[in-house]
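To start, the structure under review is shown below, and the notes come after it.
Given the structure is predicted, the values throughout are model-derived calculations rather than measurements. First listed ligand is number 1; within each ligand, the first listed atom is number 1.
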Amino acid sequence: TILIIGAGGQLGTELTAELRAIYGNANVIASDIQAPRPEQLEEGPFEQLNAMDALKIASIVDQYKVTQIYLLAAILSAKGEQNPKFAWDLNMQSLLNVLEIAKEKNLDKVYWPSSIAVFGPNSPVNNTPQHCVMDPNTVYGISKQAGERWCEYYFQKYGVDVRSLRYPGLIGYKSLPGGGTTDYAVDIFHKALNSEHFECFLAEDAYLPMMYMPDAIKATIDLMQAPSENLSVRSSYNVSAMSFSPKEIYEAIKKHHPDFTISFKPDYRQKIADSWPNSMDDSIASKDWGWKPQYLLEDMVADILENIPAYHY
Ligand code: VAH
């Protein structure tokens, strides 16, 4: 069975649904620090779990005969800057808990997301390569960079089959993001749908790597199902789909909602965005496990605007 830690988050919500569709509801245990909503209890097994509680994770692994863990719980970039110590403790302790349990209980696989936040001001900014200078200057980015080193260490020293992707900003309509610097690109759709003015917390030209959630889910499943011997990267793979600025996504939405208006009021999150790449080189992911994005900006905008009403109103 598969245990998902952080099943209630932006990525966790969608990954839980996809994994249950593939492996069957009863074989995917959802867990989150938040108490379950009634519909979550109807869907399949749920456990309330704090990702920092190693004993509780171990007892859930034993109780449900867990063979794979997806650790999706984390404090993201913007929220992490408000609470650096807690962000470091949660992001690192949860990963070390899971890696140690995977080793002790000889789990089949572990999935743990990294992020473009591992790159910093001195990383190459365009077409950022898999291997290069990484000087992240957010607690979130530092925790993801340290986490990548720990994943590689547990793989090389103990043979733990841990796999990871450096996600760009993720955009979807089935779940709300929490505390990220790229969350504006989700919020903007809800404002357009409600015919409300959108005040963007990044500058109009803050160009960032982004990915539509269906592509992120597919990349995760494809990586986890790839033969272990094909994987040349055990820190975390660069993956990318598109890059755009707030102005570009606004213009794409405006084609569908001509009266939609936007203003730009950069706040502390602009500094975070400035430290990240403009675009990524994901050629190693393509070579090792056939990564190829399906959605670019226009397709994503059309798909979201078509589907979001049923999800949120
Ligand atoms: C964040 N959505 O903004 C996350 C992600 C690349 C961005 O790591 O913190």
Side-chain angles (χ1 to χ4, degrees), residues 6 8-15 71-84 86-88 90-92 94-95 111-121 123 125 128 130 134-148 151 164-190 200-203 206-217 219-220 235-246 249 266-282 285 293 300:
Q10 180 195 12
L11 175 62
T13 301
E14 299 219 34
L15 208 46
L71 171 57
L72 307 177
I75 302 293
L76 297 185
S77 60
K79 213 160 126 199
E81 292 309 292
Q82 313 295 337
N83 204 336
F86 176 62
W88 172 258
L90 170 58
N91 293 4
M92 295 322 298
S94 59
L95 176 61
Y111 180 73
W112 175 77
S114 182
S115 161
I116 61 168
V118 295
F119 299 106
S123 305
V125 73
T128 306
Q130 179 69 41
M134 298 157 78
D135 54 343
N137 57 16
T138 63
V139 171
Y140 172 73
I142 294 165
S143 76
K144 288 300 184 184
Q145 182 185 32
E148 290 188 7
C151 290
S164 178
L165 297 174
R166 288 172 183 161
Y167 291 124
L170 299 186
I171 303 163
Y173 58 86
K174 295 179 183 171
S175 58
L176 293 176
T181 300
T182 57
D183 296 358
Y184 87 87
V186 177
D187 306 342
I188 191 167
F189 286 98
H190 294 272
C200 184
F201 57 68
L202 294 184
Y207 198 69
L208 287 170
M210 298 281 193
M211 186 180 288
Y212 190 23
M213 191 61 84
D215 270 337
I217 299 295
T220 310
S235 51
S236 186
Y237 279 93
N238 283 5
V239 279
S240 87
M242 59 182 115
S243 295
F244 57 75
S245 65
I249 188 169
D267 64 14
Y268 72 101
R269 287 166 285 196
Q270 182 59 40
K271 201 168 60 66
I272 298 174
D274 289 339
S275 73
W276 290 350
N278 291 334
S279 60
M280 309 291 295
D281 170 2
D282 58 4
M300 174 183 78

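None of Ser114, Ser235, Ser115 except one satisfies the side chain to side chain contact (heavy atoms under 4.5 Å, CB included) rule with Ser164; the exception is Ser114.
Annotation: side chain of Asn137 is not in contact with side chain of Lys271 (no heavy-atom distance under 4.5 Å). Side-chain contact between Thr182 and Trp276 is present, with at least one heavy-atom pair separated by less than 4.5 Å.
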Let me see the working for Thr181 and Ser77 under side-chain hydrogen bond (donor to acceptor under 3.5 Å, both in side chains), right down to the final yes or no.
-> CA-CA 6 Å; Thr181 300; Ser77 60; 2.7 Å; yes
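Each of Leu76, Ser77, Ser115, Ile116, Tyr140, Tyr167, Pro168, Gly169, Gly180, Thr181, Thr182, Trp276 has a non-hydrogen atom positioned under 4.0 Å from some atom of ligand 1.
Scanning for side chain to side chain contact (heavy atoms under 4.5 Å, CB included) contacts around Ala73 gives Ile5, Ala51, Leu71, with sequence neighbours left out.
Note: Phe244 and Tyr184 have perpendicular aromatic rings, judged against thresholds of 30 and 60 degrees for the angle between ring planes.
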